[in-house]
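I have placed the structure first, in the form of structure tokens, so that the comments after it can refer back to it.
Keep in mind that this is a model prediction, so the values were computed, not measured. Just follow the structure's listing: the first ligand is 1, and inside any ligand the first atom is 1. Just so you know, these numbers use all the heavy atoms, side chains as well, and skip hydrogens, waters and symmetry mates.
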Amino acid sequence: MTKKVLICSAKLSLLIFLLSIFVTSSQSKRGNLKETELTVYFQNRPSGPKATSVAIAGIPGQDWTYGKFGTAFATDATMTEGFDRKTAEIGRGQGMFLTSAKDGTSLTLLLSIVFTDKEYKGSTLQIQGADHQFENPREVAVVGGTGQFRSARGYATFESFRVSKSHVVSRCNVTIEHY
Ligand SMILES: *[C@@H]1O[C@H](CO)[C@@H](O)[C@H](O)[C@H]1NC(C)=O
């Protein structure tokens, strides 16, 4: 073999060695994934002066309602530990949604679950995707997280319970894998 070929093959084996380190370390990181399941409750007021969701944009000259294509809402709802609104507040559900199906049946939801108290205080989860708003339960993707939920991936189910005309509780079960 010539000198050039020898150097070349030495470089190649170094590259393979480095690649194998990379592959092993990324595999061991994947092995550290944890699975977490949790249930939280959102206390919603659909309308009125203390509404938890407010229409912020829509098609000019048309009604800005949940079922109307093209309507965007900002939302900020109290998140509690239990179904009852008197149970401990552990965070907020903050974000926006857009009625994105022409027939009004589905929203695109962008929701941050911001934990402000108890076990997960300071961590967040990011929920994003199609939300078939009139189905019960419905499922939306969890696409990320921070703090204790770094690199979170999974899904969340939402089930709505109408307690009264002005009070709707949404139960949200989250199943995620994260570091
Ligand atoms: C959510 O979790 C509760 C238990 O915490 C369970 O009773 C309920 O069936 C779950 N909902 C869905 C849609 O999986």
Side-chain angles (χ1 to χ4, degrees), residues 30-48 50-55 65-179:
R30 205 170 295 143
N32 293 335
L33 275 178
K34 291 181 282 234
E35 188 176 283
T36 297
E37 287 185 18
L38 54 96
T39 300
V40 293
Y41 298 83
F42 295 105
Q43 308 292 336
N44 302 296
R45 277 174 190 272
S47 56
K50 287 185 177 171
T52 49
S53 302
V54 179
T65 57
Y66 294 107
K68 186 78 195 168
F69 173 71
T71 312
F73 295 81
T75 184
D76 182 0
T78 303
M79 185 171 84
T80 54
E81 202 171 41
F83 186 92
D84 197 294
R85 70 169 131 207
K86 291 191 193 80
T87 60
E89 176 172 344
I90 53 169
R92 315 285 312 173
Q94 295 171 330
M96 63 171 297
F97 50 93
L98 172 70
T99 307
S100 52
K102 271 279 189 190
D103 66 2
T105 55
S106 180
L107 312 168
T108 296
L109 179 65
L110 297 169
L111 183 71
S112 302
I113 294 184
V114 181
F115 290 89
T116 56
D117 207 358
K118 304 254 169 140
E119 197 180 347
Y120 304 116
K121 185 177 179 176
S123 300
T124 69
L125 282 171
Q126 194 58 30
I127 292 176
Q128 180 184 326
D131 176 354
H132 299 277
Q133 60 172 330
F134 301 115
E135 285 175 20
N136 234 353
R138 45 203 195 275
E139 186 174 314
V140 186
V142 177
V143 296
T146 64
Q148 293 181 62
F149 300 126
R150 282 185 180 167
S151 303
R153 293 230 157 231
Y155 61 94
T157 59
F158 290 88
E159 289 165 277
S160 297
F161 303 89
R162 182 173 287 274
V163 179
S164 71
K165 223 179 149 200
S166 62
H167 184 198
V168 175
V169 179
S170 295
R171 177 168 63 192
C172 174
N173 295 356
V174 174
T175 304
I176 42 166
E177 289 193 325
H178 59 97
Y179 291 127

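Defined by atom type and a distance below 3.5 Å, a donor-acceptor pair is present between the side-chain atoms of Q43 and T80. At a cut-off of 3.5 Å, with distance as the only test, no side-chain donor of N44 or S53 sits close to an acceptor on the other residue. A donor and an acceptor atom, one from each side chain of T78 and R92, are located under 3.5 Å apart.
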What short N/O contacts, under 3.5 Å, does ligand 1 make with the protein, listed by atom pair and distance?
{"from": "ligand 1", "atom 1": "2 (O)", "to": "N173", "atom 2": "OD1", "distance (Å)": "3.2"}
{"from": "ligand 1", "atom 1": "2 (O)", "to": "N173", "atom 2": "ND2", "distance (Å)": "2.3"}
{"from": "ligand 1", "atom 1": "11 (N)", "to": "E159", "atom 2": "OE1", "distance (Å)": "2.9"}
{"from": "ligand 1", "atom 1": "11 (N)", "to": "N173", "atom 2": "ND2", "distance (Å)": "2.9"}

Test log, rule side-chain hydrogen bond (donor to acceptor under 3.5 Å, both in side chains), inputs T99 and T71: CA-CA 5 Å; T99 307; T71 312; 4.9 Å; no

Worked check of side chain to side chain contact (heavy atoms under 4.5 Å, CB included) between N136 and F161: CA-CA 9 Å; N136 234 353; F161 303 89; over 6 Å; no

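Sorted by first and then second residue, the ring-ring contact (aromatic ring centres under 6.0 Å, His included) pairs involving residues 98-122 (not counting sequence neighbours) are F115-Y120, F115-F149, Y120-F149.
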